[in-house]
Structures are given as C-alpha cells and as structure tokens.
Amino acid sequence: MRTFSTIIASSTPIGRYLISRLSLRRSHAISVKPQASTPPMAAADASNEESLRRTLAEKQSAVDAQGNAVRALKAAKASKPDIDAAIESLNRLKLEKSSVERELQSVVSGSGGGASVNREAFRQTVFNTLERRLFFIPSFKIYRGVAGLYDYGPPGCAVKSNVLAFWRQHFVLEEDMLEVDCPCVTPEAVLKASGHVEKFTDLMVKDEKMGTCYRADHLLKDFGNEKLEKDLSLSAEKAAELRHLLAVLDDLSAEELGAKIKEYGITAPDTKNPLSDPYPFNLMFQTSIGPSGLIPGYMRPETAQGIFVNFKDLYYYNGNKLPFAAAQIGQAFRNEISPRQGLLRVREFTLAEIEHFVDPQDKSHAKFSEVANLEFLMFPREEQMSGKSAKRIPLGEAVSKGIVNNETLGYFIGRVYLFLTCLGIDKERLRFRQHLANEMAHYAADCWDAEIECSYGWIECVGIADRSAYDLHAHTEKSGVALVAQEKFSEPREVEKLVIAPVKKELGLAFKGSQKNVVEALEAMNEKEAMEMKAALESKGEVEFYVCTLGKNVCIKKNMLLISKEKKKEHQRVFTPSVIEPSFGIGRIIYCLYEHSFYTRPSKAGDEQLNVFRFPPLVAPIKCTVFPLVQNQQYEEVAKVISKLLKVAGISHKIDITGTSIGKRYARTDELGVPFAITVDSTSSVTIRERDSKDQIRVSLDEAASVIKAVTDGQTKWEDVWSSYPHHSSESADD
C-alpha cells in the first residue's frame with residue numbers, strides 16, 4: 001500500500017484584514033484575508049542551510065581557483081604529471097562541490113531532493129482520479145471554463161452532503177445551536193459597517209501591455225520560494241534576506257511591495273512584460289438590488305454578518321439568555337485576482353460558521369471538561385517565533401497555562417479536532433496554529449487555525465477566533481439598534497459610573513460644523529482616557545484631543561466638558577456580548593480529506609496500481625454496492641430484493657448487474673471509496689466485502705441490509721462483524 005505522508009516544513013500563510021475574518025472567509029476560495037507571514041522555518045534547518053550555502057560558496061571559490069591554476073599550468077606548458085595532478089585536484093573539488101549541492105538541495109526541498117516532485121505527482125494522481133470519477137468538474141467546461149469555479153459531480157455532492165450533515169449533527173444538534181439561512185446578496189450598508197467595503201482588498205499588479213492581473217504578494221512569494229529552492233548559488237546573506245521578506249510579506253505597504261518587485265526585476269509570469277505599481281482591489285462581487293440600481297450591494301464574502309445583524313431577534317428567541325450560538329451554512333464569494341491551488345482557492349465556496357455569544361466577563365464553558373483531556377498538535381505563537389515545531393499539548397493544560405485564552409475558545413478547538421478526525425482527517429497531519437501578533441486585529445483576544453497538511457503544504461481549513469465584541473459594536477453604531485444583552489441582578493447593586501457631559505454650547509462656538517464629530521469622539525472615550533483628560537484639564541486648562549472622524553487633533557478647554565463619576569443603583573447590567581467564532585471552509589476540508597483518504601495498491605496480477613479512497617462510512621458517497629457474482633436471472637432478482645431492503649434502511653447504494661468480472665467491479669467501487677460490497681452468489685446467503693482489508697463474511701439474505709446499516713451508522717465496527725460471522729474467501733473475488 002502506498003500513501004502520501006511527507007511532512008512539509010512550511011506553513012500556508014494566513015491572512016489578516018481590518019475585521020480579521022478568518023482565513024477561510026476571504027481565502028476559501030484557503031485565505032479569506034490577504035496572505036500573512038509564514039512562520040519562521042525551524043532554527044536548525046535555517047542554520048544548516050546557511051552553513052551549507054557558505055560551504056558551497058567556499059567550494060565554488062576553490063573550484064574557480066583550481067581551474068585558473070590548471071589553465072596557468074597549460075599556458076606555461078608545464079609537465080604532464082603536474083597538469084594531471086592539478087586536474088585531479090580540480091575534479092576532486094568539483095565532486096565535493098556537487099556533494100554539498102545535493103545536501104543543500106535536500107534541505108531546501110523539505111524532505112529530500114525529490115519531495116517536491118513526489119508531492120506534485122501525488123497531487124496530480126488524486127486530481128485526475130477525482131475529475132475522471134466526477135467528484136468535481138471544471139465549471140462551464142464546454143466553454144473552456146472559468147478559473148476558480150468548479151461543479152461537484154454526483155460522488156462529490158454526496159461527500160459534501162455527508163460532511164455537512166455530520167457538521168449539523170456534531171455542532172448544531174449536539175450544542176443546541178440556532179441555525180439561520182440568510183441571503184447571499186448583502187446591502188452595502190451592512191458591509192460598510194463590518195469594514196469589508198473599505199478593507200476587504202488584496203494588492204494587485206497588471207501586465208502593462210496585456211492587462212492580465214496578478215496578486216502582488218503572490219508574485220514576490222513565488223519569486224522568493226523559487227530562488228531559495230532552485231538557486232543553489234544564492235549566498236547565505238541573500239537567502240536570509242529572502243526568508244525575511246517572506247516572513248514580513250503581509251506587513252508591506254503597496255509602495256514597499258512595488259519597490260521589491262522592481263528591485264528583483266519581477267515581470268509578468270506569462271509574457272515577461274513590465275508590471276504596474278501595486279494597487280488595492282476589493283475582492284467582493286458588486287451588484288445592485290432592484291431595477292433602479294439605486295441600492296448598491298455585494299455578494300457576501302462570508303456568512304457571519306447575517307448572524308450578527310439578527311442578534312437581537314435570536315437573543316429574544318433564546319429567552320434573552322446567554323451563552324448561545326447561532327450557525328449558518330451557505331455560499332460565499334470572493335473575486336480572486338488569480339485563483340490557483342485547484343479546489344483550495346476558488347471564487348465561490350461553502351462556509352459553515354458559528355457565532356457563539358458569551359458574557360465577556362465569563363468565558364468559562366460548562367462542557368469544557370469533556371474535551372480537556374484531548375491531546376493533539378498545537379503550534380503556539382511562541383514556538384513559531386523561536387523557530388520550533390508544533391508539539392502535542394493537552395487541551396486542558398493549554399487553557400490553564402493561558403496558551404489558549406479561555407475555556408470557551410478551548411472547547412471549540414477541541415470540538416473542531418473531534419469533528420475533523422471523525423471525518424477521516426489524519427490526526428498526525430492536523431495541527432492548531434495560533435495567530436502571530438501581526439496577524440490579529442487589535443480587538444481580537446485570541447485566534448487559532450486548524451491547519452491540515454496536504455500536497456500543497458499546511459492549509460488553513462478552520463479558524464477559531466475570540467473576536468471580543470467588535471462586530472456587534474460596529475453594527476450597533478452604524479444601525480442605531482442596540483445589539484446588547486442584559487444580566488438582571490437578584491438585588492440592586494451600587495456601581496460607580498463614568499459621566500461624560502460635553503458642554504454643547506461652548507463646543508458649538510469653537511467647532512461650529514464639526515461639533516457633532518467632536519461630541520461623539522468625547523462621549524466614546526473609555527474610563528482611562530476620560531480620567532486622564534480630566535486630570536490634564538484640571539492642571540493645564542486645555543488638552544489636545546484626536547478626533548478620528550476629522551482626522552486631526554483639536555483643542556479641548558476646561559469649559560467645554562464635565563467629567564465625573566457618580567454612584568448609582570442598578571437592577572441589571574447591560575453589555576455587548578463577546579463572540580467566539582469557528583469558521584469552516586468546507587471545500588478545503590473535503591479536498592484535504594480526499595488526499596488523506598487516497599492510496600494505491602497493486603492489482604492481483606501486479607501489473608498496475610489500483611486507486612482507492614478509504615473514506616469512513618460516515619462520509620463515503622455510496623455506502624455499499626450490490627453485485628450478482630455472474631449474470632444469472634435468479635442472482636439478479638436477489639440483488640433487486642437486497643436493493644429494496646437497503647432503500648428501506650436509508651442506505652445509499654449502487655447495484656451493478658453488468659457482466660464485468662467481479663474483481664473489476666470491486667476495483668471500480670474502491671476508486672469511489674465505497675466501503676462495503678454485497679456479492680450475490682446464491683439465493684439464500686450473500687457475502688459482504690470490506691474495502692480496505694478486502695475481508696469477506698457470509699450472512700443470510702435477510703441479514704445483509706441490517707449488517708450494512710449497523711456498520712455504516714457506527715452502531716458497530718467491522719472488526720466486531722468480522723468476529724461474529726463466518727469468513728468467506730474466493731480467489732475469483734480477489735481483485
């Protein structure tokens with residue numbers, strides 16, 4: 001059996017933009033946001049590469065010097081023994097240089113010189129199989145297709161449907177979530193409030209002659225990676241410079257990106273034409289609502305905003321109680337500049353998102369103990385910054401030590417781990433990576449990404465973020481509707497409240513038309529800012545104050561403002577809830593599942609490799625097949641009876657009464673990932689074959705459907721069935 005299990009040292013970059021929507025949002029199409037920095041390579045690897053590059057430079061200098069010596073000896077007509085000895089030394093130095101080159105190539109390629117080739121070959125095999133068996137089809141294929149758009153074929157639809165059904169069971173049902181379904185078309189006002197209209201952008205460059213568009217950071221990233229992997233003559237200093245560039249790529253401004261593109265002489269990949277300066281391109285598909293065209297809108301880039309704007313009604317529906325969670329599955333859209341990475345970066349994709357609303361003063365979780373003992377690969381930011389690797393950490397320990405900010409965030413990390421591994425994701429190629437400080441928005445408390453390793457590297461597939469109260473605050477401010485919760489006290493409480501009272505008459509005389517902006521900015525001060533201003537006014541009589549909506553400082557005088565604290569009795573506390581947000585890129589998860597499930601094994605004759613998807617029954621597109629062993633009227637009738645029993649049991653299946661050999665029929669369904677096959681070889685009993693072991697048992701005709709039902713529903717395991725029924729072996733059935 002052959003599987004792809006090469007461990008790749010690099011990590012897929014994770015983006016950030018103003019509102020820090022998880023990488024899945026802008027990236028599912030695998031990054032919702034502009035690409036962020038790649039965590040530093042392992043310190044040992046970086047040190048080894050630097051040492052090898054220095055050694056290679058020394059060997060090259062020695063080869064050049066010895067070559068000059070040989071030429072000098074020949075020019076001086078030295079004796080043949082002297083020339084031969086010099087040539088022998090030159091050849092020895094060349095061999096030493098070649099040895100260092102091979103070692104360096106091995107280091108920069110990840111895990112051996114052929115690793116990159118092996119990854120690409122494996123990916124192509126999987127991709128070809130998926131397309132040939134109609135798991136997916138390029139959209140509008142007969143019209144030459146459109147980049148970044150794909151159709152799901154019959155087995156792909158079935159896998160997706162099964163994944164989403166399990167997601168609903170695992171999260172919506174088990175966690176008592178409120179599911180909603182909101183429109184894909186979103187008014188501009190909503191996305192202005194969320195920050196998408198202004199900040200949901202990538203920097204783009206154009207081929208100045210052909211007009212073809214490219215993502216600026218992708219061009220720099222591709223240039224840097226190619227130089228590091230293929231240019232063995234690159235000096236250690238230049239290699240370090242490129243690694244640093246890749247690490248800070250997402251921090252570069254448009255001007256800095258443009259300067260780097262010019263510095264390295266990067267041109268359009270297809271034509272080698274010069275490129276324009278980088279400029280921002282909004283990734284949302286714009287539209288208008290209604291025939292007048294007066295209501296601007298966008299195709300939603302994420303599903304979360306529909307939940308946020310419905311918070312008030314959902315809170316009421318939940319009995320005005322916190323915590324509670326709302327969930328939504330739906331399509332999202334991202335007008336990718338240059339889609340690539342196959343099914344991982346597309347322009348229309350399915351998101352499954354959860355917004356868990358919680359009291360910001362109490363982020364404990366009643367069910368955290370159920371996941372506290374889980375132990376899996378975690379990659380805290382400290383480990384990333386020190387060049388270390390991900391390590392196994394018990395989840396309870398991660399929360400207690402403050403590596404994970406709070407119990408509710410930790411609980412969802414644990415639930416995501418269980419969800420992915422139950423689907424069939426290899427737990428050894430799954431890790432949870434914490435966002436670096438430069439990836440997080442200023443208001444976010446903590447963010448983690450579930451990253452799955454595939455042939456493209458580590459791919460972010462789920463984001464789990466504590467977004468504080470930013471989203472509800474933003475929509476409250478822009479809509480004028482208070483999106484808040486209340487905590488009623490059993491006894492009134494005396495509290496000290498900050499009172500900011502602008503003297504509007506004095507402010508009006510001083511600022512005239514800008515009075516409203518200044519008043520709003522003063523009233524928005526937090527307690528620390530207000531008390532500092534009070535102290536400054538009392539000591540100096542005036543203070544400089546920055547008004548963000550005016551974009552400048554203004555002078556506030558003592559007679560313009562009263563700041564005090566008053567004691568009041570309150571019967572309830574009104575607050576804006578915090579949000580813990582797990583966001584799932586369903587397409588990315590499914591693609592990684594395809595790769596993790598795929599392997600090949602030799603045919604019976606040993607003359608070819610047969611493709612197999614080892615899908616768990618939970619997600620398999622078809623649960624079982626029904627085959628008459630040979631073309632026989634009686635066997636075909638029995639097969640039809642079994643098919644009816646399977647339909648009554650709600651088991652998806654396929655009946656095949658073609659005359660093809662049983663071995664070829666097994667191979668065809670193994671390639672679709674069908675876990676079980678019922679073979680009709682008598683009128684009273686049948687055999688059931690398990691896909692991966694190829695083991696077969698014999699059961700009575702009446703038991704066949706119930707046995708399949710039990711193993712596909714997870715009521716029992718194949719190992720238990722194997723030990724409970726007579727075994728069957730058949731040379732003719734061995735594929």
Side-chain angles (χ1 to χ4, degrees), residues 12-15 17 21-35 120 123-124 126-128 130-131 134-153 156-157 159-160 184-186 196 200-207 210-219 221-222 268-270 278 280-287 298-303 329-352 452 454-457 459-461 463 583-595:
T12 301
I14 302 175
Y17 63 109
R21 293 257 53 87
L22 310 166
S23 54
L24 315 153
R25 299 252 174 98
R26 288 199 19 214
S27 76
H28 278 98
I30 173 168
S31 240
V32 224
K33 311 163 262 188
Q35 297 276 355
E120 290 175 10
R123 182 192 311 141
Q124 198 58 52
V126 175
F127 208 81
N128 290 343
L130 292 171
E131 188 169 359
L134 291 191
F135 280 86
F136 77 92
I137 314 158
S139 298
F140 318 112
K141 188 176 178 180
I142 63 172
Y143 290 99
R144 300 184 182 178
V146 178
L149 296 175
Y150 292 92
D151 299 334
Y152 284 84
C157 278
V159 170
K160 181 179 177 181
C184 293
V185 178
T186 306
H196 285 80
F200 200 73
T201 59
D202 279 338
L203 290 172
M204 182 170 76
V205 292
K206 272 189 179 180
D207 181 322
M210 304 301 294
T212 309
C213 300
Y214 305 94
R215 254 184 72 167
D217 60 334
H218 280 180
L219 293 181
K221 181 185 173 187
D222 291 345
D270 303 319
F281 171 75
N282 194 292
L283 296 166
M284 293 190 294
F285 287 95
Q286 190 166 14
T287 185
Y298 296 89
M299 302 302 290
R300 65 183 179 191
E302 63 187 29
T303 66
I329 296 170
Q331 296 301 98
F333 306 83
R334 183 187 184 198
N335 196 11
E336 284 283 349
I337 294 169
S338 49
R340 55 186 191 172
Q341 291 185 310
L343 297 171
L344 295 179
R345 185 177 292 281
V346 292
R347 287 178 164 135
E348 180 178 348
F349 47 94
T350 302
L351 287 178
I452 303 173
C454 69
S455 63
Y456 290 102
I459 302 298
E460 69 217 55
C461 292
S583 180
F584 299 74
I586 298 301
R588 289 186 169 192
I589 293 170
I590 289 172
Y591 178 76
C592 290
L593 175 62
Y594 288 153
E595 283 206 9

Do the two ring centres, one from Tyr594 and one from Phe127, sit under 6.0 Å apart?
no

Okay, side chain of [X], backbone of [Y]: is any donor-acceptor separation there less than 3.5 Å?
{"X": "Arg215", "Y": "Ser338", "value": "no"}
{"X": "Asn282", "Y": "His196", "value": "yes"}
{"X": "Glu595", "Y": "Val126", "value": "no"}

Pro301 and Leu351 have their tightest heavy-atom pair at O-CD1, 4.3 Å

Show the nearest heavy-atom pair for residues Arg334 and Phe285, with the distance to one decimal.
C-CE1, 3.6 Å

Looking at Ile590, Leu130, Val159, which hits side chain to side chain contact (heavy atoms under 4.5 Å, CB included) with Phe136?
Leu130

Out of Asp202, Thr201, Val205, Asn335, which residue meets the side chain to side chain contact (heavy atoms under 4.5 Å, CB included) rule with Phe281?
Asn335

Student check: side-chain heavy atoms of [X] and [Y] closer than 4.5 Å:
{"X": "Thr350", "Y": "Gln331", "answer": "yes"}
{"X": "Cys454", "Y": "Arg123", "answer": "no"}
{"X": "Tyr591", "Y": "Ile452", "answer": "no"}
{"X": "Leu219", "Y": "Pro269", "answer": "yes"}
{"X": "Val185", "Y": "Arg300", "answer": "no"}
{"X": "Leu203", "Y": "Asp217", "answer": "no"}

Do you see a donor-acceptor pair shorter than 3.5 Å between the side chains of Tyr214 and Asp270?
yes

To the nearest 0.5 Å, atom CD of Glu336 lies from atom NE2 of His218 at 7.0 Å

Spacing of Cys157 atom SG and Leu134 atom CG [to the nearest 0.5 Å]
10.5 Å

Should the heavy atoms of other residues, nucleotides or ligands under 6.0 Å from NZ of Lys160 be counted, would the total exceed 12?
yes

